[in-house]
Amino acid sequence: PLTPKKAPSSRRRGGSIAAVASEESIDVDERLFEALRKLRREMAQERDVPPYILFNDSSLAHMAAHKPKTQGEFLAIKGVGEKKAVDLGPRFMKVIADHMAMHPDRA
């Protein structure tokens, strides 16, 4: 009998930020990444959806690396489309702006 092949898992466990950063050759601000993950988790709970529905770790890593300040910069992030930019962008950019105000050396 044929056994179905198991699809490779796209979920990353432990060290996911390092894996994304090296895979994509980006310099990720890990504290900001964790703050964005926390916001994603809170928003997912508010909306009763899994966190990855809002953004995957790769998108958060790109946000934490590029630190978008405008709607246009946010739209340029991998995994962000018009709808997510309008719906989610303001809260994510506020976390980024607050983080940058607290850590100006990471600009």
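Computed from a prediction, not measured in an experiment: that's the story for all the values here. These values consider heavy atoms only, across backbone and side chains, with no hydrogens, waters or symmetry-generated copies.
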Visitor: Main chain of Leu54, side chain of Arg40: is a donor-acceptor contact present, judged purely on distance under 3.5 Å?
Guide: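 Absent.
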Visitor: Where does the angle between the aromatic ring planes of Phe92 and Phe74 fall among parallel (under 30°), tilted (30 to 60°) and perpendicular (over 60°)?
Guide: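 Rings of Phe92 and Phe74: tilted, as their planes differ by 30° to 60°.
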Visitor: Arg91: what forms a side-chain contact (heavy atoms from CB on, under 4.5 Å) with it, not counting sequence neighbours?
Guide: Leu39, Met43, Glu46
Visitor: Looking only at heavy atoms, which two atoms of Ser59 and Lys78 are closest? And how far apart?
Guide: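 The answer is OG-O, 2.7 Å.
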Visitor: Could you grab the distance from atom NZ of Lys84 to atom CG of Leu75, nearest 0.5 Å is fine?
Guide: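 Rounded to the nearest 0.5 Å, the NZ-CG separation comes out at 12.0 Å.
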Visitor: Less than 4.0 angstrom from a charged side-chain N to a carboxylate O is my criterion; do Glu34 and Arg37 meet it?
Guide: yes
Visitor: Mind checking what makes side-chain contact (heavy atoms from CB on, under 4.5 Å) contact with His66, not counting sequence neighbours?
Guide: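 Per chain and number, His66 pairs via side-chain contact (heavy atoms from CB on, under 4.5 Å) with Ile26, His62, Ile77.
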Visitor: For His99 and Asp29, does a side-chain donor sit closer than 3.5 Å to a side-chain acceptor?
Guide: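 There is such a pair between these side chains.
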Visitor: Hey, could you give me the CD1/CZ distance between Ile53 and Arg47, rounded to the nearest 0.5 Å?
Guide: 12.0 Å
Visitor: So, taking the atom named CG in Leu36 and the one named CE in Met93, what distance separates them when rounded to the nearest 0.5 Å?
Guide: 12.0 Å
Visitor: Suppose we screen for side-chain contact (heavy atoms from CB on, under 4.5 Å). Which residues come up paired with Lys38, at least two apart in sequence or across chains?
Guide: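 Lys38 satisfies side-chain contact (heavy atoms from CB on, under 4.5 Å) with Arg41, Glu42 once adjacent residues are dropped.
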Visitor: If every non-hydrogen atom of Val28 is compared with every non-hydrogen atom of Ala64, which pair is closest and at what distance?
Guide: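 Reported closest heavy-atom pair: CG1-CB, 3.7 Å.
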Visitor: What's the shortest heavy-atom distance between Pro90 and Ala85, and which atoms?
Guide: CD-O, 3.6 Å
Visitor: Is there a continuous path of hydrophobic side-chain contacts, each under 4.5 Å between heavy atoms, that joins Met63 to Met102?
Guide: no
Visitor: Any chain of hydrophobic side-chain contacts (each under 4.5 Å) joining Val95 to Val86?
Guide: no
